[in-house]
K.L.:
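Got a structure for you, written out below as structure tokens; questions coming shortly.
Letters go in sequence order (proteins before strands), and every chain restarts at 1.
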There are 2 protein chains.
Amino acid sequence: MVSRYLMGTFPDLRKFGGADAFLRACKPRVAIELLSDKWSMLVLGALLFGPRRFGELRRMLDGITPKMLTRTLRSLERDGLLTRTVYPTVPMRVEYALTDLGESAAGMLAVITTWGAEHAEEILAARRAYDARPPAGETPVPA
Amino acid sequence: MVSRYLMGTFPDLRKFGGADAFLRACKPRVAIELLSDKWSMLVLGALLFGPRRFGELRRMLDGITPKMLTRTLRSLERDGLLTRTVYPTVPMRVEYALTDLGESAAGMLAVITTWGAEHAEEILAARRAYDARPPAGETPVPA
DNA sequence: CAGCATCCTATCTGATACTG
DNA sequence: CAGTATCAGATAGGATGCTG
């Protein structure tokens, strides 16, 4: 049952002027969109170990292309979740580190991780069951 | 400290055979992907008010096309977050309702909503500041 | 009422090659 | 080292019109 927990967090819906107004409001989406691309979550997770250089991240996120790593880092930097520090040495050195906001986002991510750990199997099972269903209109052949 | 908890969830991607393999099995991502498309979160939010019919949802989600509403509902149904019940009356009537899993997901959504409410402005401000920065290499003109 | 079919555009993502 | 540039495929999202 949702009621108690959810009512504590969602009743703000009504303060938005009902469902319609809430549904058009976008702060929750700002939050979700931070995490909804392929690599952001992983970069955030990697940086929880401490500041990391470009090449270090590239190795940790085995499989990411430089292009996507750059894009992901720029996006997170733009949103204030991490800082990018250039040390003009030779060879050059660039370090990425989470900001307070970034760590806060990782906290939200932890909640999602917990929920995922508890329910991912259920979801994947539902998905398998759905995909195994006979196509609509097709009557299962009796034995 | 949140970091420690989340750190434990970040794996050595190489042991999964690369990031792709990890992402397919990654429980946090399963969770995020439920919410990361444009309408899923809003449909979930709408159904928190109780079961709703297709047309009702369409009106609540002012602006959604029938195609996207159908696709979103099918996706959530497939993942076991809601049920679809057809009443073969004339005219026909189809009702969508959250499952327990769906209500649970909405609980996670509440956390995201709360975080978004607390930090969305900060993010948007960071974004504006970033976009207002002079292009790299361009020296600000002294007064 | 509750969709489905078709066409079209924008964005995401990756592969590959090159540079200050 | 830390990226940038270009090409190309896949997918999301929308517009429009039609149907059981």
K.L.:
With respect to L98(B), which candidate in L81(B), L76(B), L48(B), V43(B) satisfies the side-chain contact (heavy atoms from CB on, under 4.5 Å) definition?
P.N.:
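Going through L81(B), L76(B), L48(B), V43(B) one by one, the side-chain contact (heavy atoms from CB on, under 4.5 Å) with L98(B) is satisfied by L48(B) alone.
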K.L.:
Do L47(A) and L57(A) come close enough that some side-chain heavy atom pair is under 4.5 Å?
P.N.:
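Answer yes - side chains close enough.
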K.L.:
What is the distance, to the nearest angstrom, from the CE atom on M41(A) to the P atom on dT13(C)?
P.N.:
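Between P of dT13(C) and CE of M41(A): 13 Å.
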K.L.:
Please figure out whether R74(A) or M92(A) has its closest DNA chain D nucleotide nearer the 5' end.
P.N.:
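Going by which nucleotide is closer to the 5' end, it is M92(A).
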K.L.:
Rounded to the Å, how far apart are D37(B) CG and dC12(C) C1'?
P.N.:
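For the pair D37(B) CG and dC12(C) C1', the rounded distance is 15 Å.
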K.L.:
Do the side chains of E33(B) and R127(A) get close enough for a salt bridge, i.e. N-O under 4.0 angstrom?
P.N.:
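Answer for the salt bridge query: no.
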K.L.:
Pick base, sugar-phosphate or nothing for Y96(B), based on heavy-atom distances below 4.0 Å to the nucleic acid.
P.N.:
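Since only primed, P, OP1 and OP2 atoms lie under 4.0 Å of Y96(B), the category is sugar-phosphate.
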K.L.:
With a 4.0 Å cut-off on heavy atoms, is R71(B) in touch with a base, just the backbone sugar-phosphate, or nothing at all?
P.N.:
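R71(B): base contact, heavy atoms under 4.0 Å.
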K.L.:
Separation of K67(B) atom NZ from dG17(D) atom P, in whole Å?
P.N.:
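Taking atom P of dG17(D) as the reference, NZ of K67(B) is at 15 Å.
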K.L.:
In whole angstrom, give the distance that lies between atom CD of E33(A) and atom P of dA12(D).
P.N.:
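Rounded to whole Å, this separation is 15 Å.
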K.L.:
Atom CZ of R84(B) and atom C1' of dC1(C): how far apart are they, to the nearest Å?
P.N.:
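For the pair R84(B) CZ and dC1(C) C1', the rounded distance is 12 Å.
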K.L.:
On DNA chain C, does the nearest nucleotide to P66(A) precede the nearest nucleotide to S36(A) from the 5' side, or the other way round? Give the residue.
P.N.:
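On the 5' side of the pair lies S36(A).
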K.L.:
Separation of F54(B) atom CZ from dT19(D) atom P, in whole Å?
P.N.:
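After rounding, the gap between these two atoms is 18 Å.
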K.L.:
Does the side chain of L73(B) come within less than 4.5 Å of R84(B)'s, by heavy atoms?
P.N.:
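No, side chains not in contact.
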K.L.:
So which nucleotide from dG13(D), dT4(D), dC1(C) ends up closest to the side chain of R53(B)?
P.N.:
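Output: dC1(C).
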K.L.:
To the nearest Å, how far apart are M68(B) CE and dA12(D) P?
P.N.:
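Checked: the CE to P distance equals 8 Å.
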K.L.:
Output the rounded distance in Å from CG (L61(A)) to C1' (dT13(C)).
P.N.:
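Answer to the nearest Å: 15 Å.
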